[in-house]
Amino acid sequence: MRKFTTRDLTLAAIIAAVYAVLTLTLPIPQFTGIQVRLSEALTVLPFLLPATAPGLVVGCFIANLFSPYSLDVIFGTAATLIACILTRHMPNRYLAPLPPVLCNAVIVGAEIAWSETGFTSAFWPAFGFNAFTVGFGELLACYILGSVLLAALPRVSFFRAMIPQNRLERLGFEQKTPKLS
């Protein structure tokens, strides 16, 4: 495992800020059962850039401080952490958006259902509804916007230089070797 460099720390800080700002400023539902957090598209970045994972977790934590669900700070942030860890280990870019979708559907869906009903007989129907709606919003953010990020970033030379070579190879990019004259 390589060291976490100053460049990595800076990248993580920028991602944390972007995540928090997108979540808190966009005028779409961010904290309800029916939500589409466009900032969640960033949760696919650990597939390409492992250094973004801490920034995503911190950004999610900051955004969740403003949630009407008090447990969102713990469970919403945990969902993002678990999703980042799993996304880093996905075998290809088509599966990379899957962990955020599943983690948020299950964890955040359960958290919202519990906040609304407690562990009553209404919990399971509320969980099913919230898991579906949160998962669907996550699916839109991660598989549409996140997939665009995964396809576009390796093609931009600035970002391509930050992506570890083994991750570029997983995407089908060949290693550039200098030509000898």
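In this structure, OG in S70 is found 12.0 Å from CG in L65, a value given to the nearest 0.5 Å. To the nearest 0.5 Å, atoms CG (L56) and CD (E40) are separated by 8.0 Å. The CG atom of L139 lies 9.5 Å from the CG atom of L102; values are rounded to the nearest 0.5 Å. Here the CG atom belonging to D8 is positioned 3.5 Å from the OG1 atom belonging to T5, to the nearest 0.5 angstrom.
In terms of heavy atoms, L95 sits closest to N92 at N-OD1, 3.0 Å. Heavy atoms only, all atoms of each residue included: A41 and L149 are closest at O-CD1, 3.7 Å. Closest of all the heavy-atom pairs between V101 and G135 is CG1-O, 3.7 Å. The nearest pair of heavy atoms linking F47 to P91 is CE1-C, 4.3 Å. Residues P50 and P54 approach most closely at O-CD, 4.0 Å, considering heavy atoms. For P97 against P100, the heavy-atom pair with the smallest separation is O-CD, 3.1 Å.
By the criterion of side-chain heavy atoms lying less than 4.5 angstrom apart, applied directly or through intervening Ile, Leu, Val, Met, Phe, Trp or Tyr residues, I112 is not grouped with I82; the two fall into different hydrophobic clusters. Cluster membership for Y69 and I107, using ILVMFWY side-chain heavy atoms within less than 4.5 angstrom, is not shared. F159 and Y19 fall within a single hydrophobic cluster, where Ile, Leu, Val, Met, Phe, Trp and Tyr are joined by side-chain heavy atoms under 4.5 Å apart, directly or via other members. Cluster membership check: L22 shares its hydrophobic cluster with L45, using side-chain heavy-atom separations under 4.5 Å among Ile, Leu, Val, Met, Phe, Trp and Tyr. Under the 4.5 Å side-chain heavy-atom criterion for ILVMFWY residues, no single connected hydrophobic cluster contains both L81 and L49.
Side-chain N or O atoms of T77 include none that pairs as donor or acceptor with a backbone N or O of I74 at under 3.5 Å. For the pair T80 (side chain) and G76 (backbone), a donor-acceptor distance under 3.5 Å is present. A distance-only check finds a donor-acceptor pair linking the side chain of R167 to the backbone of R88 [under 3.5 Å]. Within the 3.5 Å criterion, the main-chain N or O of Y94 finds a donor-acceptor partner in the side chain of Y143. When atom types are taken as modelled, the side chain of N64 and the backbone of D72 share a donor-acceptor pair closer than 3.5 angstrom.
In this structure, the side chains of P154 and R93 stay at 4.5 Å or more apart for every pair of heavy atoms. When side chains are defined from C-beta on, F123 does not count as touching E116, because their heavy atoms never get closer than 4.5 Å. Residues I15 and L11 have side chains in contact (heavy-atom distance under 4.5 Å, counting atoms from C-beta outward). Taking the side chain as every heavy atom from C-beta outward, T52 and L42 never approach each other to under 4.5 Å. L168 places a side-chain heavy atom less than 4.5 Å from the side chain of I163. Side chains of N104 and R37 form no contact here, defined as non-hydrogen atoms less than 4.5 Å apart.
Surrounding CZ of F61 are at most 12 heavy atoms belonging to other residues, nucleotides or ligands under 6.0 Å away.
Here the rule is side chain to side chain contact (heavy atoms under 4.5 Å, CB included) with L153, and of V148, V44, L48 only L48 fits it.
The aromatic rings of F132 and F136 sit parallel, their planes meeting at an angle under 30°, below the 60° perpendicular limit.
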Could you please spell out the steps behind the side chain to side chain contact (heavy atoms under 4.5 Å, CB included) verdict for E138 and T43?
CA-CA 10 Å; E138 197 75 15; T43 59; 4.3 Å; yes
